[in-house]
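Quick notes on the structure that follows.
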Amino acid sequence: MITVLLTILKIIGIILLCVLLTLLCVLLLVLFVPVRYRIEAVRREGEEAPFRVALRVTWLLHILNAAFCYPGEEGLRVWVLGFRIFPPRQKEKEPRDDKTEDMQEEAAAGQEEGKPVDDGEVTGGRKKEMEAQMDPRMELPKEEEGQEEGKEEPNWIRKLRAFVHRIMEILKNIKYTIQKICDKIKEITKNIRYYVEIIQSDAFLRVWRVCGGEALKLLRSVLPGKVRGRLLVGTGDPASTAQIIGIHGILYPLIGDHIMVIPDFERTIVEGELLLKGKLTVFRALKTALIIYFNKDLRKVIRLLKKEAA
């Protein structure tokens with residue numbers, strides 16, 4: 001009996017060990033197998049689209065494959081193990097019965113033709129016309145002007161009083177506007193001093209040193225490792241075309257032989273191809289995200305920037 005139990009426990013232990021090893025292998029593959037991308041851009045004179053771009057992302061021997069094309073009708077497409085999962089394939093629509101639809105349309109048209117005319121609209125319009133003709137015009141009785149002429153002020157005094165009142169309102173508005181502008185300038189100056197003090201603080205310098213360094217490392221890992229390009233350029237003016245070639249010569253220490261520029265001194269043309277290939281590991285991105293997320297100085301600086309601890 002004990003031997004049977006030990007054998008069962010042994011089998012269960014082996015199964016659990018195999019499951020754990022499988023999960024560990026999958027985790028290591030996800031973390032350390034790079035996601036590769038390839039970007040191709042092409043421009044040709046005479047084509048309808050100004051340029052064409054094709055993006056392809058693959059992972060683990062094309063087990064996961066995604067593609068995006070512009071211009072293109074389908075846009076983004078995703079395959080897993082060779083089966084397209086996005087966008088899903090549309091099912092074929094069932095054929096419509098044209099005879100049934102024609103009979104329904106004829107029946108609807110017959111109902112509309114036999115619809116009786118409502119006399120309410122006609123009678124309503126006649127009633128409105130009769131009421132408009134029979135509406136008496138009321139005249140208001142005129143007030144006697146002789147009694148009030150002696151009480152009213154002269155016209156020039158009223159105009160002077162209105163003019164002075166308007167001038168006072170304008171002066172008040174100018175004073176209020178100037179005061180508001182001064183308060184706004186004081187508030188902006190105070191905010192600038194506050195944020196300058198934060199930038200000059202030790203916490204911000206530590207955040208910049210740690211988080212900025214990790215972000216730069218992530219950016220370097222994302223940048224393409226292979227760049228190939230060819231550009232045929234011509235402005236129609238030999239002088240401006242030569243200036244473009246001069247700019248390419250200045251940038252040559254940075255781009256080297258990766259991008260070739262061919263001048264055309266006779267035509268106005270811009271054509272070329274560009275190829276970018278790179279990769280990124282999930283481990284690198286996850287490591288950067290965890291370091292930035294658990295940085296206490298970063299949380300403190302964010303609270304200060306929001307003025308929660310001010």
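Basis for what follows: all heavy atoms, side chains included, without hydrogens, waters or symmetry-related copies. All residue numbers in this chain count up from 1 along the given sequence.
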Under 4.0 Å between a side-chain nitrogen and a carboxylate oxygen: does that hold for [X] and [Y]?
X	Y	result
Arg284	Glu214	yes
Glu271	Arg43	no
Glu47	Arg52	yes
Glu273	Arg44	yes

Quick one: CZ on Arg209 to CG on Asp202, what's the gap to the nearest 0.5 Å? 9.0 Å

Can you find a heavy atom in the side chain of [X] that is under 4.5 Å from one in the side chain of [Y]?
X	Y	result
Thr281	Phe32	no
Phe86	Trp79	no
Ile167	His165	no
Leu275	Arg38	yes
Asp264	Leu232	yes
Glu48	Pro71	no
Ser221	Leu218	yes
Leu286	Leu290	yes

Side-chain heavy atoms under 4.5 angstrom apart, residues restricted to Ile, Leu, Val, Met, Phe, Trp, Tyr: same cluster for [X] and [Y]?
X	Y	answer
Val35	Ile63	yes
Ile259	Ile262	no
Ile181	Ile178	no

Taking the six-membered ring of Tyr293, is the NZ or CZ of Arg299 close enough (under 6.0 Å from the centre) and on axis enough (within 45°)? yes

Determine whether Ile245 and Val261 satisfy the following criterion, side chain to side chain contact (heavy atoms under 4.5 Å, CB included), listing intermediate values before the conclusion. CA-CA 7 Å; Ile245 301 302; Val261 179; 3.7 Å; yes

Give the ring-plane orientation class for Tyr252 versus His248, where under 30° counts as parallel, over 60° as perpendicular and anything between as tilted. perpendicular

Does Glu169, at its CD atom, have more than 12 non-hydrogen atoms belonging to other residues, nucleotides or ligands within less than 6.0 Å? yes

